[in-house]
Amino acid sequence: MKLGWKKRYADILKEFNYSEKKDKESAILLNSILKESNANQKIIRLIEGKTVFVIGSGPSLLTAIPVLKRYRKSIKIAADSSLESLVKNGIMPNIIVTDLDGDEDTLKKIAKTQAIFVVHAHGDNMEKLALAKKFKNCIGTTQSKPFSKIQNFGGFTDGDRGVFLANHYGAKKIILFGMDFGKKIGKFSKTKKIDRETKLMKLKKGENLLEWLSTITKSELFTTSKSIKGFQKISYKELDIIIT
Ligand SMILES: Nc1ncnc2c1ncn2[C@@H]1O[C@H](COP(=O)(O)OP(=O)(O)OP(=O)(O)O)[C@@H](O)[C@H]1O
Ligand SMILES: Nc1nc2c(c(=O)[nH]1)N=C(CO)CN2
Ligand SMILES: [Mg+2]
C-alpha cells in the first residue's frame, strides 16, 4: 500500500512488540491456503462509486441494528465479531473483514454464501487460518508487504481495515456504525477481560489510522458512532439524505 503505510506499520511493530517475520510467515501460510478466485472483481463491483457501511462492535452497535435492518440494499462491511449480532438479527453483510478471532460458528454458517471474506494474516493468528479454506469467496491481506494473492489495503483492527478496504476500492461515501473507539469496549466484542489494556491500545491505534486516512482519502467519510476527527458526525435520521 502506498501513502505512507510502511511508516505506520513500523510504528505498530514497535508499539505492540510484534514480529514482522511472524507476520510474513502467516501471510505465506494464508497464500498457500487461498484458491484463485474472482473475489477481487466482485468486491470492486460492490464498492466502487458506492455508499458503503462499515460496522464495528462498539457500544453503538446496539442502536445501529434496528436502523441497519431498514437499509437492506446498502452495501455492508462487517468487522469480525459484529457479524454474530448482525446475522442473528437477519442482517447479512456483503463483506466480512476478519482476523478470524470473532465467532467461528457464525463464520462457518455463512461460509458458502455470496459474502466475501477478507481474511487478515498476522503473526498471532496462524493457527486460525485453516478456516479460510471453508469460504466460497475469500481475499487475503497482510499488514506487511503484499505478494501473490495477499494484498495490503492498510489498516490495523478489523473495523478500520474495513474502512481502508472501502477507500482502496473507491467507495464514494463511507458511513460508520458501531465504531465508537474510546474506552468502552462493546459488549459484542469477543475480547476477554485480561486483554483489556491491549484492546484499548488497539482501538486507539485504529482510530488514529482513520484520522490519518481522512487526510488522504477521496471517499466522503461519515460516522453515526462517536465523533472521529475527519469524519462528519451524523444522526441515523440524516442517513436518507446522505445516501441519496
Ligand atoms: N468501542 C469499541 N469496542 C469494540 N470494537 C470497536 C469499538 N470501536 C470500534 N470498534 C471496531 O469494531 C471492530 C470489531 O470489534 P471486535 O472487538 O469485536 O473485533 P476483534 O476481532 O476483537 O477486533 P480486532 O481483531 O480487530 O482486534 C474492531 O476491529 C474495531 O475496529
Ligand atoms: N502480529 C499481530 N498483528 C495484528 C494483531 C495481533 O494480535 N498480532 N491484531 C490485529 C487486530 O486485532 C491486527 N494485527
Ligand atoms: Mg478480529
Side-chain angles (χ1 to χ4, degrees), residues 5 8-27 29-30 53-64 76-87 93 95-104 106-107 117-129 131-132 140-144 152-166 174 176-211 213 223-228 231:
W5 175 253
R8 317 271 148 182
Y9 177 48
D11 291 345
I12 288 168
L13 287 173
K14 230 189 284 162
E15 279 170 50
F16 291 85
N17 202 19
Y18 294 152
S19 144
E20 181 168 15
K21 188 164 163 271
K22 276 175 73 187
D23 281 349
K24 282 184 170 161
E25 274 170 33
S26 185
L29 177 61
L30 181 60
F53 294 178
V54 178
I55 308 158
S57 296
S60 72
L61 178 58
L62 209 59
T63 56
K76 299 180 194 74
I77 301 178
D80 221 341
S81 44
S82 72
L83 181 68
E84 189 181 358
S85 28
L86 291 175
V87 170
I95 299 165
I96 296 106
V97 176
T98 176
D99 62 352
L100 303 176
D101 63 353
D103 182 59
E104 280 194 22
T106 314
L107 288 171
F117 294 84
V118 180
V119 173
H120 190 62
H122 61 62
D124 296 287
N125 74 349
M126 277 186 249
E127 74 289 354
K128 304 251 181 180
L129 295 178
L131 196 57
T141 63
T142 178
Q143 53 211 14
S144 179
N152 183 352
F153 312 117
F156 181 55
T157 72
D158 296 316
D160 66 271
R161 256 185 290 110
V163 181
F164 275 81
L165 175 89
I174 303 172
L176 307 188
F177 297 80
M179 294 279 284
D180 305 282
F181 296 102
K183 293 259 183 282
K184 196 162 171 228
I185 300 169
K187 69 169 184 170
F188 300 108
S189 177
K190 288 275 157 212
T191 310
K192 296 172 205 78
K193 278 211 165 67
I194 32 162
D195 297 323
R196 190 179 150 80
E197 211 176 304
T198 318
K199 180 70 185 181
L200 290 179
M201 261 174 79
K202 284 184 171 184
L203 288 176
K204 188 78 225 152
K205 179 57 73 179
E207 183 176 4
N208 288 343
L209 288 171
L210 289 186
E211 286 176 12
L213 182 68
T223 183
T224 65
S225 322
K226 267 176 55 185
S227 297
I228 301 175
F231 284 64

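Order of listing sets the numbers, starting from 1, for every ligand and every atom in it.
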Subject >> Val97 versus Asp158, closest heavy-atom pair with distance >> reply: CG1-O, 3.3 Å
Straight-line distance of [X] [atom1] to [Y] [atom2], nearest 0.5 Å:
X      : Y      : atom1 : atom2 : value
Lys204 : Asn208 : NZ    : CG    : 5.0 Å
Asp101 : Leu107 : CG    : CG    : 9.5 Å
Phe181 : Thr223 : CZ    : OG1   : 8.5 Å
Phe153 : His120 : CZ    : NE2   : 11.0 Å
Thr157 : Glu207 : OG1   : CD    : 10.5 Å
Trp5   : Leu213 : CH2   : CG    : 10.5 Å

What part of [X], side chain, backbone, both or neither, has a heavy atom within less than 4.0 angstrom of ligand 1?
X      : answer
Thr98  : neither
Ser225 : neither
Arg161 : neither
Thr157 : both
Asp101 : side chain

Original post:
Parallel, tilted or perpendicular for Tyr18 and His122, by the 30°/60° rule?
Top reply: parallel
Are the side chain of [X] and the backbone N or O of [Y] linked by a donor-acceptor pair below 3.5 Å?
X      : Y      : answer
Asn152 : Gln143 : yes
Ser82  : Ile55  : yes
Ser57  : Ser189 : no

Side chains of [X] and [Y]: donor-acceptor distance under 3.5 Å anywhere?
X      : Y      : answer
Thr198 : Asp195 : no
Asp80  : Thr98  : yes
Tyr9   : Asp23  : yes

Which atoms of ligand 1 are found less than 4.0 Å from any heavy atom of [X]?
X      : value
Pro59  : 1 (N)
Ile185 : 3 (N)
Ala79  : 13 (C), 14 (C)
Asp99  : 21 (O), 25 (O)
Asp180 : 8 (N), 9 (C)
Ser81  : 16 (P), 18 (O), 19 (O)
Lys184 : 1 (N), 2 (C), 3 (N)
Asp160 : 31 (O)

Looking only at distances, can you tell me whether any N or O atom of [X], backbone or side chain, sits closer than 3.5 Å to an N or O atom of ligand 1?
X      : result
Gly56  : no
Ser82  : no
Gly102 : no

Subject >> Short N-O contact, Arg8 and Asp11, less than 4.0 angstrom >> reply: no
Original post:
At a 4.0 angstrom heavy-atom cut-off, what protein residues surround ligand 2?
Top reply: Tyr18, Asp23, Asp99, His122, Gly123, Asp124, Gln143, Phe156, Lys202
**OP:** May I ask you to determine how many protein N/O/S atoms are under 2.8 Å from the Mg ion (ligand 3)?
**Re:** 4
**OP:** Report the residues that fulfil side-chain contact (heavy atoms from CB on, under 4.5 Å) with Lys21, sequence neighbours left out, ordered by chain and then residue number.
**Re:** Ser19, Glu25
**OP:** For Ser227, check side-chain contact (heavy atoms from CB on, under 4.5 Å) against everything at least two apart and list the hits.
**Re:** Lys233
Original post:
Relative to atom 23 (O) of ligand 1, which among Lys199, Glu84, Lys202, Met179 owns the nearest non-hydrogen atom?
Top reply: Lys199
Subject >> Identity of the nearest option to atom 25 (O) of ligand 1, non-hydrogen atoms only, from Leu203, Asp158, Val163 >> reply: Asp158
Subject >> Student check: side-chain heavy atoms of Lys187 and Leu62 closer than 4.5 Å >> reply: yes
